[in-house]
K.L.:
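Supplied in structure tokens, the structure appears directly below.
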Protein chains: 2
Amino acid sequence: MTNIRKVAELAGVSVATVSRALKSPDIVSPTTREKVLKAVDQAGYKPNLMAVQFRSQRTYNLVVLVPTIANTFFARVISGIQEAAQERGYGVLLCNTLGNEAMETQYASLVSTRQADGVIQLRAFNPFSEKAFPDGAVLPMINACEVLDDAPCPTVKLDNRAAAREATEHLISLGHRRIGMIKGPRRSPLTRDRQQGYQDALSAADIALDECLLCPGDFTPRSGYQSAETLIALAERPTAIFCESDEMAIGAISRIKEAGLRVPEDISVAGFDDIAFASYSDPPLTTIAQPAEAFGREAVAMLIEVLEGRQVDNLVLPYTLVSRASTATCRP
Amino acid sequence: MTNIRKVAELAGVSVATVSRALKSPDIVSPTTREKVLKAVDQAGYKPNLMAVQFRSQRTYNLVVLVPTIANTFFARVISGIQEAAQERGYGVLLCNTLGNEAMETQYASLVSTRQADGVIQLRAFNPFSEKAFPDGAVLPMINACEVLDDAPCPTVKLDNRAAAREATEHLISLGHRRIGMIKGPRRSPLTRDRQQGYQDALSAADIALDECLLCPGDFTPRSGYQSAETLIALAERPTAIFCESDEMAIGAISRIKEAGLRVPEDISVAGFDDIAFASYSDPPLTTIAQPAEAFGREAVAMLIEVLEGRQVDNLVLPYTLVSRASTATCRP
DNA sequence: GATGGTGATGTAACCGGTTACATTTGGCTT
DNA sequence: AAGCCAAATGTAACCGGTTACATCACCATC
């Protein structure tokens, strides 16, 4: 394999000169630079980046821990990460962790073993062991999207509580007072925040909370489908359902229709995320749009700041309520 | 940072002994091994994998070139890749290339610069320059899903022609004779093969090909939506549409309904891929199911074979026609 | 007691770059 | 002509492991 020594020999200079000609062209004479570049070309030389990284103790790789890549919201976040990382010369080691903590810990240890410089964690879990990074040490990590309450690192998130409140208020403003909610995974801060927003809206409108209207879910269409079944079967059926993800909303709509009910005439449905399919669902989905790609881009920018030893503030990104045809005035 | 020398000092042995105690425990005496392991634990030592890789000239990273991560079919393929790679101790460098050849070439060069051992390419394009890997050299690559006709490496694919033929025959068997088709990107071998399958089925049933019924698309819901518009507007409207992807089928259904037509009563729609949403669309989508995760798993297995210098045969994976409610008997 | 073999361990070269420091070259000043 | 400085280039240490080879202790055999 052609290495820097071969090139040096070919150009009739020392390895140091070759290295300099490539890395800081301005400190070698034009003549020498010319010679070196010709030799590089002739030998088809490409620096062995493993050696470069080894020497500099920087890999320019970022680990991204994704709960599930099959969710189109995360797909967008990843697109943003990828794009920003590439612009800044970083590679992305993507890890589909399926929420498995052992796996997340294992991938995070790529940082301890110097295979990556930092971690972007898209789930509320600290994958670093206390041992590897004791309290007080600066973690080379950014926690985005679903963030820990006491995250040991900078975070990027949405004001989920306010967003959920806005979605619920939208339903209330359409005259709904019996509003079901299909939640996310039990332990997620996301679930808790969005439920609080939902309750905030109810309280503000003097609607009592009915626990029966709160259904569990896990962000998949299947769980939306199942919980909709429960809600429909209630003696006092809700006239609207707020889902914590579009995927669940689509599943819910599917079940509602199967029951012979119409959306939005019989039941209004609102989602969260604004995935691509939201516009193509029947009816098109009212939802909270998140700047998914921005989550990715910002997380990368922040992580690089951290890696370079600078201070970084937490970030809250804006959301928008997108009103489509799946929600309508309540007709009792 | 704790390195092997610190551990050696702590254990009162040489670095070679530490290395051996960790890599081949059987060739050091139990007493020494014990001492070393204790020192390792005490120092919180983790080998610097960059150094290990640098020494062994193997990175145990695989580059995966994905046309678009936002497509749920690819998301499943990637899950398969990830899973298989992890089992075998490989990391995955994921690259969302958006079909940009320059970007694919750039990422493939991670292999030339020794940042990765091999490439899994999910698109019909050879990202390796002739210069880096001259003709005849064994490319450390597997081409999966959408494969080049004259791929310079082993491939894993579906018999797209047969699958498309089966889908079309399904429509014909329901009495349809005027069948539209929404195609994939123009230059893709996938598009060509599936169109051939479509034509095979028509010929076998003595149905003349009508060019007006062939519409362009790019696998996104939006393109399905637009092409459906064209098909609906035809003087002699088709009674069925075969889409080369579920995402386009979902877009098409959305447009058909907007026009006040019903699926499948007025127009039957069949898709391709069997993505998760296919079951939750209204009506649930008849489609060709691909073993997406298997594509990923097999590609990894094959690539590792190649990397280890063994011969590998091309692979063709099986498909299944999944008949749901979006296709029905033609009622003229 | 000399010889040889074996198992355990140490020594140091090596991977391929980067870079601190040393050396050389050439122009300019005095 | 001697002295000095800056620019250009060379030399070699270094990053942290792995491993070929050397060494040593110990025991068995002749």
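What's counted below: heavy atoms across the whole structure, side chains too, no hydrogens, waters or symmetry copies. The chains referred to below are lettered A, B, ... by the order of the sequence lines, with proteins before strands, and numbering in each begins at 1.
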K.L.:
Mapping B/Arg114 and B/Pro30 onto DNA chain C by nearest heavy atom, which one lands closer to the 5' end?
P.N.:
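Whichever sits nearer the 5' end wins; that is B/Pro30.
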K.L.:
I need the CZ-P distance between A/Arg55 and D/dA12, as an integer number of Å.
P.N.:
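Atom-to-atom, A/Arg55 to D/dA12, this comes out as 17 Å.
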K.L.:
Given C/dT9, D/dC15, D/dT18, which nucleotide is nearest the side-chain atoms of A/Phe54?
P.N.:
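Nearest to the side chain of A/Phe54 among the choices is D/dC15.
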K.L.:
Hey, which sits more toward the 5' end of DNA chain D by its nearest nucleotide, B/Ala51 or B/Arg20?
P.N.:
B/Ala51
K.L.:
Please report the distance, rounded to the nearest Å, between CG in B/Asn48 and C1' in C/dC15.
P.N.:
14 Å
K.L.:
Which sits closer to the 5' end of DNA chain D, A/Ile27 or A/Val15, going by the nucleotide each is nearest to?
P.N.:
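Checking each residue's closest nucleotide, the 5'-ward one belongs to A/Ile27.
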K.L.:
Picking from C/dG17, D/dA12, D/dT18, which would you name as closest to the side chain of A/Val52?
P.N.:
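That would be C/dG17.
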K.L.:
What is the distance, to the nearest angstrom, from the NZ atom on B/Lys6 to the C1' atom on D/dC15?
P.N.:
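It is 13 Å, rounded to the nearest whole Å.
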K.L.:
Taking only N and O in the side chain of B/Thr17, is any of them less than 4.0 Å away from OP1 or OP2 of C/dT9?
P.N.:
no
K.L.:
By nearest atom, which of the nucleotides C/dT9, C/dG10, D/dG17 is closest to the B/Thr32 side chain?
P.N.:
C/dT9
K.L.:
What's the separation between atom CG in A/Leu158 and atom CG in A/Leu315, rounded to the nearest 0.5 Å?
P.N.:
10.5 Å
K.L.:
For the pair made of CG in A/Leu49 and P in C/dG17, what is the distance, rounded to whole Å?
P.N.:
9 Å
K.L.:
Write down the distance between NZ (A/Lys23) and C1' (C/dT19), rounded to a whole number of angstrom.
P.N.:
9 Å
K.L.:
OP1 or OP2 of C/dT18 versus the side-chain N and O atoms of A/Ser19: is any pair under 4.0 Å?
P.N.:
yes
K.L.:
Taking CD from B/Gln115 and P from C/dC15, how many angstroms apart are they, rounded to a whole number?
P.N.:
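In whole Å, C/dC15 P and B/Gln115 CD are 21 Å from each other.
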K.L.:
Does a side-chain N or O of B/Ser14 approach OP1 or OP2 of C/dT9 to a distance below 4.0 Å, or not?
P.N.:
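Looking at the OP1 and OP2 atoms of C/dT9, neither is under 4.0 Å from any side-chain N or O of B/Ser14.
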K.L.:
With a 4.0 Å cut-off on N to O distance, would you call B/Glu293 and B/Arg76 a salt bridge?
P.N.:
yes
K.L.:
Can you tell me how far CZ of B/Phe125 sits from CG of B/Leu65, rounded to the nearest 0.5 angstrom?
P.N.:
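Separation between the atoms: 9.5 Å.
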K.L.:
Rounded to whole Å, how long is the line connecting atom CG of A/Asn3 with atom C1' of C/dT18?
P.N.:
14 Å
K.L.:
Roughly how far apart are B/Asn61 CG and A/Asn61 CG, rounded to 0.5 Å?
P.N.:
7.0 Å
K.L.:
What's A/Ser29 touching, base or sugar-phosphate or nothing? Going by heavy atoms closer than 4.0 Å.
P.N.:
sugar-phosphate
K.L.:
At 4.0 Å (heavy atoms only), tell me whether B/Val13 reaches a base, stays on the sugar-phosphate, or touches nothing.
P.N.:
sugar-phosphate
K.L.:
Send over the distance from B/Lys35 NZ to C/dA8 C1', rounded to a whole Å.
P.N.:
11 Å
K.L.:
With sugar-phosphate meaning primed atoms plus P, OP1 and OP2, does B/Gln57 contact a base, only sugar-phosphate, or nothing at under 4.0 Å between heavy atoms?
P.N.:
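The residue B/Gln57 makes sugar-phosphate contact but no base contact.
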K.L.:
Quick check for you: to the nearest 0.5 Å, what is the distance between A/Phe73 atom CZ and A/Cys145 atom SG?
P.N.:
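Taking CZ in A/Phe73 and SG in A/Cys145, the distance rounds to 4.0 Å.
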